[in-house]
Structures are given as structure tokens and as C-alpha cells.
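This is a predicted model, so every value here is computed, not measured. Residue numbers run from 1 in the order of the sequence given. Note that ligands are numbered from 1 as they come in the structure, with each ligand's atoms numbered from 1 the same way.
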Amino acid sequence: MHLIVYFSDYTGDETTIAKDLEHIKTMSQSNNKEEGITGVLFYQNGNFMQFLEGEEADIRKKFAKISQDSRHTNIRVLFDEPIEKRYLKDSRMDTFNLSKNETIDYAKLERIKSIYTHNLQIKSNTLIQAFKTFLEESTLFL
Ligand code: FAD
């Protein structure tokens, strides 16, 4: 199993994010199921943070595709390493807009945070720190 985590900058604005996120989520959930990819996508204040898990070849192919998407730019890879197992086996690509509070499933968000905090702490404190900072910067995640 392999994990890629990256940050990027959204090229749209607050008037377009809801539609774009919904579109990305729909595409991802159907594509990722076929390709055995799991993960989660966060959006907050103009930035994306995405976790992509799967077989290395599948993840690299997917990441190459995503990297060409004009809905974001300035992609910074934070983590690109083998992992022992798939951590988000139930998430084909859960999507959270942390900038607004209408549709947040807090229970699910807590569960994802907890899974990664527990399992990846040994592997990469940097990743966990960045993840926590990203979530804590959201005014919703108190
Ligand atoms: P494409 O030929 O790329 O496009 C299919 C449809 O999407 C078309 O109707 C087209 O109009 C529309 N589309 C494509 N690009 C854009 C664009 N820039 N603006 C508006 N509409 C567009 N895809 C996944 O499968 N899994 C993921 O986990 C995933 N995560 C993503 C994370 C982010 C932050 C972003 C920005 C995109 C993500 N995507 C993901 C979408 C991915 O980049 C591709 O658009 C998608 O995989 C469809 O690819 P395709 O080759 O099947 O179709």
C-alpha cells in the first residue's frame, strides 16, 4: 500500500467551491472505487489537502491525473511513502469543506483524524503536524 498526501491552491473562489467539490466528489467516488483508491479530500480557505491510498502504481497514475486538473495549482507533496495497510478502507473519497459548516459530518471527521493520528504518528510526525495544523486553522474544528 502507498500513501500520497499533498496540499494545493484552489483556482476558483468561494462562489464556485461548492459546485466544484461536489463534482470532484462524484467523479472520485465512482472512479476510485474501480481503481481501489481510498482517501479523503479537505478544502479550507482556498487550499486543498488530499490523502490518497492504494497500490503504488494506481496512486501514481491517479495523482498524475489530478495534478493536471486546472481547478487547483501549486501542488506540494507532503508525504509519498509506503504504508503498512489501508487506513481509510471505508472512504472512497470523503470530501469536507471546512470553510463552511452546512454539511460537515463531525463524527466522520473525528474518526479520520483519529485513524491517521494513531497510525501514522510513528511514520511521520511532520505529516501529522501538518494535518493537525490544517484542521486547526479551520474555525469549525475546535
Ligand atoms: P476528464 O476528461 O478529466 O473530465 C471528466 C469531466 O470532468 C468532464 O465532464 C469535464 O468537463 C470535467 N472536468 C475536468 N476537468 C475540469 C475542470 N478543470 N473544471 C471543470 N470541470 C472539469 N478524480 C478522481 O478520480 N479521484 C480523486 O481522488 C480526485 N481527486 C481530486 C482532487 C482535487 C483537488 C481535484 C481538483 C480533482 C480531483 N479529481 C479526482 C478529479 C480529476 O482531476 C479528474 O477530473 C477526474 O478524475 C476525471 O478524469 P477523467 O479522465 O475521467 O475525465
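Shortest contact from atom 35 (C) of ligand 1 to any protein heavy atom: Ile24 CD1, 3.6 Å. For atom 48 (C) of ligand 1, the closest non-hydrogen atom of the protein is Met27 SD, 3.4 Å. Among all non-hydrogen protein atoms, the one lying nearest atom 20 (C) of ligand 1 is Arg71 NH1, 3.9 Å. Of the protein's heavy atoms, His23 CE1, 3.4 Å lies nearest to atom 12 (C) of ligand 1. With respect to atom 42 (C) of ligand 1, the closest heavy atom belonging to the protein is Asp69 OD2, 3.5 Å. Summary of contacts: the protein heavy atom closest to atom 18 (N) of ligand 1 is Ser70 OG, 2.8 Å. When only non-hydrogen protein atoms are considered, atom 32 (C) of ligand 1 lies nearest to Gln50 OE1, 3.3 Å.
The nearest protein heavy atom to atom 29 (C) of ligand 1 is closer than 4.0 Å. Per-atom contact check: atom 8 (C) of ligand 1 does not touch the protein, criterion being a heavy-atom distance below 4.0 Å. Under the 4.0 Å distance rule, the nearest protein heavy atom to atom 4 (O) of ligand 1 falls outside the cut-off. There is a protein heavy atom less than 4.0 angstrom from atom 26 (N) of ligand 1.
Ring geometry, Tyr43 versus Tyr10: the interplanar angle exceeds 60°, so the pair is classed perpendicular (tilted spans 30 to 60°).
Checked against the 6.0 Å centroid threshold, Phe63 and Tyr6 count as a close aromatic pair.
Counting only distance, with no hydrogens or angles, the side chain of Asp94 and the backbone of Val40 share no donor-acceptor pair below 3.5 Å.
In summary, the atoms of ligand 1 found under 4.0 Å from a heavy atom of His72, numbered by their order in the structure, are 34 (C), 36 (C). Near Asn32, meaning under 4.0 Å from any of its heavy atoms, are these atoms of ligand 1: 24 (C), 25 (O), 26 (N), 27 (C), 28 (O). Of all atoms in ligand 1, listed by their number and element, those nearer than 4.0 Å to a heavy atom of Tyr6 are 32 (C), 33 (C), 34 (C). Of all atoms in ligand 1, numbered sequentially from 1 with element shown, those under 4.0 Å from a heavy atom of Asn31 are 25 (O), 47 (O).
Within the set Lys65, Glu34, Arg92, the minimum heavy-atom distance to atom 53 (O) of ligand 1 is found for Lys65. When the heavy atoms of Thr95, Ile66, Ile59, Leu52 are ranked by distance to atom 39 (N) of ligand 1, first place goes to Ile66. The option from Gly54, Gly12, Gly39, Ser28 that lies nearest to atom 23 (N) of ligand 1, judged by heavy atoms, is Ser28.
Here the CE-CE distance, from Met27 to Met93, works out to 13.0 Å after rounding to the nearest 0.5 Å. Considering CD1 of Ile4 and CD of Glu53, their distance stands at 11.5 Å, rounded to 0.5 Å. Taking CD1 of Ile24 as the start and NZ of Lys19 as the end, the distance is 10.5 Å to the nearest 0.5 Å.
At least one side-chain heavy atom of Arg76 sits less than 4.5 Å from a side-chain heavy atom of Asp9. The shortest distance between side-chain heavy atoms of Lys65 and Asn31 does not fall below 4.5 Å. Side-chain contact between Phe51 and Leu78 is absent, with no heavy atoms from C-beta onward closer than 4.5 Å.
Judged by distance alone, the side chains of His72 and Asn47 never bring a donor and an acceptor atom under 3.5 Å apart.
Taking each heavy atom of Ile75 and Ser8 in turn, the nearest pair found is CG1-CB, 3.7 Å.
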